[in-house]
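Keep in mind that what you see is a predicted model, and the values were worked out from it rather than measured.
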Amino acid sequence: MATRYKRNTRTRRATKAKYKSSIHNRLGLMLAGIAVILLTVVVFIRSVSLYQKLNQYESRIESLQSQIEDEEKRTEEIAEFEKYTTTRKYIEEVAKEKLGLVYPGEIIFKDEDAGR
């Protein structure tokens with residue numbers, strides 16, 4: 001009977017050890033699963049915020065592109081105006097309008113209502 005008792009205690013101890021090992025394995029798997037789920041959630045949240053930033057940057061790029069186009073048009077207009085300012089026609093206009101100069105023998109008529 002003593003040997004039988006020893007066997008039962010051995011098997012009980014082995015069963016308890018297996019049970020404890022099983023609980024530790026399950027607990028470890030659960031913790032690993034929770035960690036994976038948390039990582040997935042964090043990655044998802046970060047990806048959403050990154051997509052929002054991407055959209056903001058794309059709209060900023062479009063805005064800057066339109067500003068560049070506007071400035072290029074303005075540069076062309078300035079270049080054309082620079083060419084125009086070197087023409088004789090422009091010099092005559094400025095001399096007549098701003099300086100009040102006229103060609104010899106030219107008569108200027110002023111409107112009386114313009115002064116009122």
Problem - Non-hydrogen side-chain atoms of Leu64 and Gln67 separated by less than 4.5 Å - result: yes

Exercise for the section: Measure the spacing between CG of Leu38 and CG of Leu31 and express it to the nearest 0.5 Å. Expected result: 10.5 Å

Problem - Spatial distance of atom CZ (Phe44) from atom CG (Leu39) [nearest 0.5 Å] - result: 15.0 Å

Practice task
Could you tell me the separation between the CD atom of Glu62 and the CD atom of Gln65, rounded to the nearest 0.5 Å?
Solution key: 9.0 Å

Handout entry: Closest non-hydrogen atom pair, Thr85 against Ile91
Key = O-CG1, 4.3 Å

Practice task
For atom CD of Glu58, decide whether the heavy atoms of other residues, nucleotides or ligands shown that lie under 6.0 angstrom number more than 12.
Solution key: yes

Problem - Presence of salt bridge, Glu71 and Arg74, under 4.0 angstrom - result: yes

Exercise for the section: Dump the intermediate steps for side chain to side chain donor-acceptor pair (under 3.5 Å) on Glu93 and Tyr84, then the final yes or no. Expected result: CA-CA 11 Å; Glu93 286 178 8; Tyr84 175 67; 3.0 Å; yes

Handout entry: Co-members of the apolar cluster containing Tyr51 [side chain, <4.5 Å]
Key = Leu54

Problem - ILVMFWY cluster, Ile34 and Val43 together (side-chain gap under 4.5 Å) - result: no

Handout entry: Check ion pair Glu69-Lys73 (N to O, under 4.0 angstrom)
Key = no

Handout entry: Ion pair Glu106/Lys96, N-O distance below 4.0 Å
Key = yes

